[in-house]
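Notes for the one structure printed next.
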Amino acid sequence: KDYTAEAPAWAMFGANEEGFDPTDTRHRKKKKHPKYTQYDEGGVPTHDDAGNAIPEEERTKLRAMMDQKIKEVGAGSTVTALRSGEKVISDPSLMFRGKTVVK
């Protein structure tokens with residue numbers, strides 16, 4: 001028999017849990033925390049690092065930034081392989097997920 005199981009939803013690419021089991025304790029180095037904690041279906045942040053809803057005016061600005069990025073790279077994901085073997089992923093829906101704040 002094959003001993004593989006289907007991947008849980010939290011482990012899937014783009015999941016809110018970012019690949020970490022929600023039942024485990026997550027430790028972050030250097031006191032860096034995500035700048036945004038929740039996103040809408042398009043990837044635009046809806047809640048800040050404290051879990052508070054982002055005001056509509058700021059969300060409108062973030063949505064405009066996302067629209068500009070979509071115009072630059074397109075709506076889908078693209079993977080570019082560099083000579084060094086490194087791969088660069090361009091996906092506008094992920095543009096806000098790497099931003100951090102220091103607490």
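Between Gln38 and the choices Asp48, Ile54, Thr46, the side chain to side chain contact (heavy atoms under 4.5 Å, CB included) rule is met once, by Thr46.
Expressed to the nearest 0.5 Å, how far CG of Leu62 lies from OH of Tyr39 amounts to 10.5 Å. To the nearest 0.5 Å, atoms CD1 (Ile70) and CE (Met66) are separated by 6.0 Å. Here the CZ-NZ distance, from Arg63 to Lys61, works out to 13.5 Å after rounding to the nearest 0.5 Å. Atom NZ of Lys69 sits about 10.5 Å away from atom CG of Leu94, to the nearest 0.5 Å.
For Arg97, there are no salt bridge (Lys or Arg N to Asp or Glu O under 4.0 Å) partners, not counting sequence neighbours.
Counting non-hydrogen atoms of other residues, nucleotides and ligands closer than 6.0 Å to CD of Glu57 gives a total of 12 or fewer.
Hydrophobic cluster membership differs between Phe96 and Val101, with clusters built from Ile, Leu, Val, Met, Phe, Trp and Tyr side chains linked at under 4.5 angstrom.
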